[in-house]
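Okay, so here's the structure we're looking at.
Here is how names work: the chains are called A, B, and so on, in the same order as the sequence lines, proteins then strands, and each is numbered from 1. Everything numeric in this text was worked out from a predicted model, so none of it was measured.
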Amino acid sequence: MTQRVVAIVGATAVGKTELSIEAAQRLGAEIVSVDSMQIYRGMDVGTAKPDAAVLGAVPHHLVDVFDPSHDVTVAEFRDLARDAIDDIGERTVPLLVGGSGLYFRAVVDRLSIPPSSVQVRGRLESEVDTLGTESLHARLVELDPDAAAKIEPGNARRIVRALEVIEITGRRFSDNDGWDRYESVYDLVLVGLTRPRDDLYARIEARVDSMLAGGLVEETRRVAAAGMGRTARQALGYRQILDLEEAEPAAIRDAIVRATKRFARRQESWFRSDPRVAWFDISEPGGAEAAIAHLEAGGR
RNA sequence: GGCGAGGUAGCUCAGUUGGCAGAGCACGCGACUGAAAAUCGCGGUGUCGACAGUUCGAUUCUGUCCCUCGCCA
């Protein structure tokens, strides 16, 4: 019998955290955060991390696990999350909550993520600089036409990874299927939270303002001084503050808002394509209640 | 009031030696398998400030007017 797991996904600022606390209390669940940045210690205001009181009231996993100097990988995150899920399963039901689409699928889906090699990847990355992205894409066309057809010729990041996998494993990147099947390893009940765009955007602006008022700049300085890896460094807010150090506060604020809205759209696009998601508009009266009821009923 | 510089996509601007205009950003959509809060792809008809003149044809030249900014009064 497969383990039952309930989950809440949705774009940033849609209201996942608030609803998840309510749901966890109702279900007696423990929360597994599926958030690529809340996993870092010290990155609190910028990641809208639940405060100490909330973390104390409802057990949370995968929050504050690493220092920002550590670059988490998808496979590493998946292993930690699955361990947490197994552990919680001994006691109660795990409630996954988050907006990191790739991490979510890695945790929940029946996928095999091929290995990585810093040497091979480093070399390929330097080849991007010397030979150009198009040249590496041409190589991918030779080695794995199916993968090349699915990866945009300008997307150096994904081209490098595909070539890396081919080189390390000796197999084609596209042999790694399962991606389109959305097959869960758990007995999954999945709820997606939405709001009308205008509403979401207004919430994002308000949230960025309150983060800035809540000391995001100071937090960024502090965390950066202690050392940030390239993963943590690219977190929304922190990245803009670090990149635009000389800019006017208003310009930094606007840059963060824009980037966050763009991110929210990408998240929606990501989760929209997952057929397992049952969507609830929580801006509507009763929307939040319906979402929780859906989780309680086990999706039935 | 005088002089100067401008008024072109939601914003900042480019451009057309006269042939119904184009970049970045914004915005919308999509892809996404060990960096993913990343990375990349697709989507641009807008009285080219208004009116008149020249012209086969004006956003482009000429004139007048309106508006904005700067300097001088």
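The residues R123(A) and E127(A) are annotated as salt-bridged, a charged nitrogen and a carboxylate oxygen being separated by less than 4.0 angstrom. A salt bridge links R26(A) to E289(A): one of the charged nitrogens lies within less than 4.0 Å of a carboxylate oxygen. The pair R161(A)-E164(A) meets the salt-bridge criterion, since a charged nitrogen lies less than 4.0 angstrom from a carboxylate oxygen.
Taking atom C1' in both U16(B) and C72(B), the straight-line distance is 35 Å, to the nearest Å. For the P atom pair drawn from U59(B) and C48(B), the interatomic distance equals 7 Å after rounding to whole Å. For the C1' atoms, the distance linking C32(B) with A38(B) amounts to 11 Å, nearest Å. C71(B) and G57(B) are spaced 40 Å apart, taking the C1' atom of each and rounding to whole Å. Here, C25(B) and C69(B) have their C1' atoms 23 Å apart, quoted to the whole Å. Comparing the P positions of C51(B) and A58(B) gives an interatomic distance of 13 Å, to the nearest angstrom. Between A52(B) and G2(B), the distance separating the two C1' atoms is 26 Å to the nearest Å. For the C1' atoms, the distance linking A50(B) with G15(B) amounts to 22 Å, nearest Å.
Closest to the N155(A) side chain, of the nucleotides A36(B), U39(B), A35(B), is U39(B). If you check A37(B), C32(B), C40(B) against the side chain of E152(A), the one that comes closest is C40(B). Among the nucleotides A26(B), G34(B), C27(B), the one closest to any side-chain atom of R121(A) is G34(B). When each of C32(B), A35(B), G34(B) is scored by its nearest atom to the side-chain atoms of Q234(A), the top-ranked nucleotide is A35(B). Comparing A37(B), A31(B), G34(B) against the side chain of S100(A) picks out A37(B) as the nearest. Between A37(B), C25(B), G34(B), one nucleotide has an atom nearer to the side chain of A75(A) than all others, and that is G34(B). Listed candidates were G30(B), C29(B), A36(B). Nearest to the side chain of R197(A) is C29(B). Of the candidates A31(B), C27(B), A26(B), C27(B) carries the atom nearest the Y201(A) side chain, counting heavy atoms from C-beta on. Of the candidate nucleotides C27(B), A31(B), A35(B), C27(B) has the atom lying nearest to any side-chain atom of K261(A).
Judged by distance alone, the side chains of T73(A) and R78(A) never bring a donor and an acceptor atom under 3.5 Å apart. For the residue pair S100(A) and D35(A), no side-chain donor N or O sits within less than 3.5 Å of a side-chain acceptor on the partner.
Between R161(A) and G34(B) there is a side-chain polar atom (N or O) within less than 4.0 angstrom of OP1 or OP2. When the side-chain nitrogen and oxygen atoms of R272(A) are compared with OP1 and OP2 of G30(B), one or more of them lie within a distance under 4.0 Å.
Between W270(A) and W179(A), the ring planes lie perpendicular to each other; the angle is over 60°, past the 30° to 60° tilted range.
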Between T194(A) and E268(A), is a side chain to side chain donor-acceptor pair (under 3.5 Å) present by the stated rule, with each step listed?
CA-CA 8 Å; T194(A) 67; E268(A) 290 188 337; over 6 Å; no
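When heavy atoms are screened at a 4.0 angstrom cut-off, T231(A) is found touching the sugar-phosphate backbone but no base atom. G46(A) comes within contact range of at least one nucleobase, with a heavy-atom separation under 4.0 Å.
Helical stems in RNA chain B, defined as runs of 3 or more consecutive Watson-Crick or G-U wobble pairs with both donor-acceptor distances under 3.5 Å, are listed by first residue as B:1-7 with B:66-72, B:10-13 with B:22-25, B:27-31 with B:39-43, B:49-53 with B:61-65.
For the pair R195(A) and Y201(A), the cation-pi criterion (under 6.0 Å, within 45° of the ring axis) is not fulfilled.
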